[in-house]
2 protein chains.
Amino acid sequence: MSEPSKKPATIEDVAKLAGVSIATVSRAIRNPEKVAESTRKKVTTAIARTGYTANAMAQNLRMRRSKMVLVLAPSIADPNFPGILIGLEKVANARGYGVLIGNTDGAIPLEETYMRFLSTGMADGLILLTGHVPVAGQPGSPNSLPATVTVGRPVEATTLPYVGVDDVAASKMATEYLVSLGHRRIAYISGGPGDVLSDLRHQGYLNGLAECAAPLQDWRLEGDGSSESGRAAVERLFIKDTLPTAFFCFNDNTAIGVIAALRLRGYRVPQDFSVIGFDDIPFASNITPALTTIRQPRSQIGERAMDRLLDRLEATPTATDAELLHGDLVVRESCGPAQT
Amino acid sequence: MSEPSKKPATIEDVAKLAGVSIATVSRAIRNPEKVAESTRKKVTTAIARTGYTANAMAQNLRMRRSKMVLVLAPSIADPNFPGILIGLEKVANARGYGVLIGNTDGAIPLEETYMRFLSTGMADGLILLTGHVPVAGQPGSPNSLPATVTVGRPVEATTLPYVGVDDVAASKMATEYLVSLGHRRIAYISGGPGDVLSDLRHQGYLNGLAECAAPLQDWRLEGDGSSESGRAAVERLFIKDTLPTAFFCFNDNTAIGVIAALRLRGYRVPQDFSVIGFDDIPFASNITPALTTIRQPRSQIGERAMDRLLDRLEATPTATDAELLHGDLVVRESCGPAQT
DNA sequence: TTGTAAGCGTTATCAA
DNA sequence: TTGATAACGCTTACAA
């Protein structure tokens with residue numbers, strides 16, 4: 001227990017109490033082996049008695065770093081975000097780093113604002129979930145990007161390291177699953193015309209279709225990743241005379257909308273139609289019928305991303321390539337054998 | 001555009017280029033009015049030409065603060081968390097602060113770990129979503145708590161400022177709504193025996209029952225806030241001969257479980273039973289039937305909490321009392337008139 | 001209105 | 001093995 005000292009103890013207080021110089025105290029802490037056993041002991045007890053904790057600001061100023069990572073996310077409310085954040089946070093904390101959150105809401109000006117953490121040195125590295133490089137960090141820009149890892153949504157036209165699920169492989173798996181259930185008319189509901197992720201998943205879907213002996217048609221319907229767009233896509237579909245028997249949706253949200261629309265029209269899922277989603281958001285198992293989907297290894301994605309970022313920060317040589325993690329097929333109740 | 005300078009420009013670079021002292025540069029930035037128009041201009045252009053950005057570490061060291069707030073949350077995955085975080089983050093950013101995330105997972109040792117941000121001066125203030133004071137900051141502890149605001153879950157036995165929804169009033173409203181629909185046998189499914197929030201909501205429920213002319217019975221069933229516990233509570237109920245006609249659930253998760261159990265037994269909601277939740281989590285409107293519930297003003301809670309914390313940090317005199325925000329009744333489809 | 005200089009609390013170099 | 005001491009980059013009296 002320390003006296004009711006007003007100000008926190010400094011290294012000097014410790015030095016005084018231990019009867020050594022501040023240099024020795026610093027050494028005793030950072031390079032114990034370079035200090036005599038006896039003095040080290042004196043220092044240790046002095047530290048305990050003063051309740052000393054090194055002032056991070058002073059340390060960081062001196063060492064020119066902050067041990068802080070900025071995470072730029074387009075939407076904290078995205079159902080995938082918490083899981084990824086947990087992973088990021090977990091390894092950051094384990095490795096002595098702090099995680100600074102920046103919610104950009106997709107607004108460029110806000111992104112700019114957050115970049116100040118980097119330019120002022122409050123953060124050492126950057127995790128980008130936004131899918132694009134902030135203009136303040138663009139190649140030609142005065143202050144270029146610091147150590148960066150992109151996550152969840154690859155950044156086009158850059159060579160930044162990326163960590164995410166293997167969208168193509170996972171989507172192929174989902175499609176093949178539908179095929180294996182006997183479906184031959186399978187629709188893909190996209191996540192928006194220009195969406196990178198959506199295109200990747202569409203590619204996987206095409207690959208899946210290609211695996212089938214029978215020639216299967218590419219049946220792409222535009223959505224935008226929202227539940228509402230899933231609903232709308234189904235509505236548009238019912239104007240036509242021919243219908244798919246199964247839906248592979250860009251994400252779970254869309255799938256939920258699709259199921260809702262189908263049921264509203266009196267159809268049963270999975271008896272009349274099969275629908276499979278992507279993400280395995282927390283509520284996927286709570287809807288009726290429980291959603292069959294592809295699980296994104298969110299926490300793992302976060303962990304790997306942070307590990308790679310910190311490796312770079314700590315100068316450990318690191319590859320700059322993309323790291324695609326395996327997504328699992330989670331079979332629940334929304335898919336069934338095709339009606340013949 | 002600056003030269004391809006290796007190291008970021010310092011205040012000294014600016015001073016040199018502008019032909020003034022570093023003190024003047026500092027002044028020109030922080031107290032422009034105390035600097036001659038002409039020199040201020042020279043400084044401004046010099047800053048632009050060098051691409052100077054003040055080193056936050058140096059500033060913070062000198063000014064003995066960090067402009068950083070630590071947010072300690074028991075679970076990032078909690079459906080209420082993102083909304084609150086958005087609010088916290090929004091005003092923090094607007095006021096020039098950064099938000100540091102600490103996911104404690106309910107683990108005390110982890111909490112300890114995060115307190116290092118406070119003790120080392122990396123963070124100036126603390127937002128507590130955990131519902132309890134970290135032991136490292138306990139009253140008797142060597143290093144007591146810095147400026148703190150508790151959020152979402154009041155911390156017992158402390159006088160820390162609190163911001164959250166008015167659980168009692170909102171629960172009363174929910175109960176009265178059920179009563180107004182003609183329900184007379186209303187069950188409350190709790191969030192766990194010792195849970196503060198659950199007890200508050202139970203109290204509101206009792207208050208609501210008391211408003212009714214007819215004497216209504218307190219019918220409390222134990223749950224734990226999980227969907228599963230809602231399911232289980234219903235199952236236990238069906239052993240009895242008399243049943244409630246409506247359920248007021250501790251939270252939406254529980255309500256979802258209740259509805260699932262009811263439907264599994266072949267009952268219809270809201271025709272046969274009414275169920276109302278609490279929180280209005282994002283998926284409340286996506287389940288079938290869409291959930292009637294109490295909406296927590298999550299973002300607003302976060303905003304108010306951060307505002308109050310920063311007010312304290314910046315020495316603006318602030319009240320230390322609790323701030324209870326109004327929760328709205330969101331009427332959707334899960335409640336209907338009582339069967340007579 | 002401007003400059004000089006004393007810190008802020010560390011780390012790390014260089015002698016002793 | 002230890003101790004002076006010079007940075008790290010900034011803010012802010014105090015003088016000029």
Side-chain angles (χ1 to χ4, degrees), chain A residues 5-44 46-47 50-68 96 116-122 124, chain B residues 5-44 46-47 50-68 96 116-122 124:
Chain A
S5 55
K6 350 219 64 202
K7 291 292 137 197
T10 73
I11 199 174
E12 200 171 339
D13 298 328
V14 176
K16 213 159 287 176
L17 189 63
V20 299
S21 74
I22 64 169
T24 300
V25 174
S26 181
R27 252 184 247 115
I29 296 173
R30 317 188 73 80
N31 306 84
E33 75 281 3
K34 314 206 79 183
V35 153
E37 171 77 23
S38 57
T39 50
R40 183 176 37 201
K41 232 171 225 155
K42 285 192 294 184
V43 171
T44 311
I47 288 179
T50 53
Y52 170 73
T53 321
N55 177 311
M57 290 304 169
Q59 273 181 321
N60 294 343
L61 170 58
R62 178 59 223 235
M63 306 181 82
R64 298 151 164 289
R65 44 95 162 138
S66 63
K67 290 225 151 200
M68 213 76 136
R116 76 175 188 278
F117 287 115
L118 267 354
S119 53
T120 62
M122 268 311 287
D124 298 331
Chain B
S5 55
K6 350 220 59 162
K7 291 294 136 198
T10 73
I11 199 174
E12 200 170 340
D13 298 328
V14 176
K16 211 159 287 174
L17 189 63
V20 298
S21 73
I22 63 169
T24 300
V25 174
S26 180
R27 257 184 243 114
I29 296 173
R30 317 188 74 77
N31 307 83
E33 75 281 3
K34 314 205 79 181
V35 153
E37 171 76 26
S38 57
T39 49
R40 183 175 38 200
K41 230 170 227 157
K42 285 192 293 185
V43 172
T44 310
I47 287 179
T50 53
Y52 171 72
T53 322
N55 177 310
M57 290 305 171
Q59 273 180 322
N60 294 342
L61 170 58
R62 175 63 223 239
M63 305 181 82
R64 301 152 161 285
R65 43 92 160 142
S66 63
K67 289 226 150 200
M68 213 77 135
R116 78 175 187 277
F117 287 114
L118 267 355
S119 54
T120 61
M122 267 311 285
D124 299 330

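Here is the naming used below: chain letters follow the sequence lines, and residue numbers restart at 1 for every chain. Only this structure's heavy atoms are used, side chains among them; waters, hydrogens and symmetry mates stay out.
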Original post:
Are B:Gln59 and B:Lys67 close enough that some pair of their side-chain heavy atoms sits under 4.5 Å apart?
Top reply: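 No, too far: nothing below the 4.5 Å cut-off.
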Which atom names give the shortest non-hydrogen contact between [X] and [Y], and what distance separates them?
{"X": "A:Thr24", "Y": "A:Val35", "value": "O-CG2, 4.2 Å"}
{"X": "B:Ser66", "Y": "A:Met57", "value": "CB-CE, 3.1 Å"}
{"X": "B:Ala46", "Y": "B:Ala18", "value": "CB-CB, 3.8 Å"}

Whole-Å distance separating the [atom1] atom of [X] from the [atom2] atom of [N]:
{"X": "B:Asn31", "N": "D:dT12", "atom1": "CG", "atom2": "P", "answer": "8 Å"}
{"X": "B:Glu12", "N": "D:dC8", "atom1": "CD", "atom2": "C1'", "answer": "12 Å"}
{"X": "A:Ile11", "N": "D:dG3", "atom1": "CD1", "atom2": "P", "answer": "12 Å"}
{"X": "B:Asp13", "N": "D:dC8", "atom1": "CG", "atom2": "C1'", "answer": "14 Å"}
{"X": "B:Leu61", "N": "D:dG9", "atom1": "CG", "atom2": "P", "answer": "12 Å"}
{"X": "A:Asn55", "N": "D:dC8", "atom1": "CG", "atom2": "P", "answer": "18 Å"}
{"X": "A:Arg64", "N": "D:dG9", "atom1": "CZ", "atom2": "C1'", "answer": "9 Å"}

Pairing residues for [X] by the side-chain hydrogen bond (donor to acceptor under 3.5 Å, both in side chains) criterion, not counting sequence neighbours:
{"X": "B:Thr44", "answer": "none"}
{"X": "B:Asn60", "answer": "B:Arg65"}
{"X": "A:Asn55", "answer": "none"}

Original post:
Listed in order of residue number, which residues of residues 33-42 of chain A have a non-hydrogen atom at under 4.0 Å from DNA chain C?
Top reply: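 Here the set is empty: none.
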Subject >> Neighbours of DNA chain C within residues 14-24 of chain B, by heavy-atom distance under 4.0 Å >> reply: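 Hits under 4.0 Å, by residue number: B:Val20, B:Ser21, B:Ala23, B:Thr24.
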Classify [X] by what it touches in the nucleic acid, base, sugar-phosphate, or nothing, heavy-atom distance under 4.0 Å.
{"X": "A:Ala56", "answer": "nothing"}
{"X": "B:Ser26", "answer": "base"}
{"X": "B:Arg30", "answer": "sugar-phosphate"}

**OP:** Apply salt bridge (charged side-chain N to carboxylate O under 4.0 Å, His left out) to A:Lys16 and list each qualifying residue two or more places apart in sequence or on a separate chain.
**Re:**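 Here the qualifying residues are A:Glu12.
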Subject >> B:Glu37: partners by salt bridge (charged side-chain N to carboxylate O under 4.0 Å, His left out), with sequence neighbours left out >> reply: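 Salt bridge (charged side-chain N to carboxylate O under 4.0 Å, His left out) list for B:Glu37, sorted by chain: B:Arg40, B:Lys41.
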**OP:** If a pair satisfies side-chain hydrogen bond (donor to acceptor under 3.5 Å, both in side chains) and one of its residues is in residues 25-35 of chain A, list it, with sequence neighbours excluded.
**Re:**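 Of all non-adjacent pairs touching residues 25-35 of chain A, none passes side-chain hydrogen bond (donor to acceptor under 3.5 Å, both in side chains).
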**OP:** Please figure out whether A:Gln59 or B:Ala58 has its closest DNA chain C nucleotide nearer the 5' end.
**Re:**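 Looking at the nearest nucleotide for each, B:Ala58 comes out on the 5' side.
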**OP:** Name all residues meeting the side chain to side chain contact (heavy atoms under 4.5 Å, CB included) criterion together with B:Ile47; count only those two or more places apart in sequence or in a different chain, and write none if there are none.
**Re:**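 By the side chain to side chain contact (heavy atoms under 4.5 Å, CB included) rule, B:Ile47 matches B:Val14, B:Ile29, B:Val43, B:Tyr52.
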Subject >> Angle of first-five versus last-five pair axes in the helix from C:dT1-D:dA16 to C:dA16-D:dT1, to 10 degrees >> reply: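 Inter-axis angle at the termini of the helix from C:dT1-D:dA16 to C:dA16-D:dT1: 40°.
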Subject >> Boundaries of the chain B footprint along DNA chain C (any atom under 4.0 Å from a heavy atom) >> reply: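 Reading along DNA chain C, I get C:dT1 to C:dG9.
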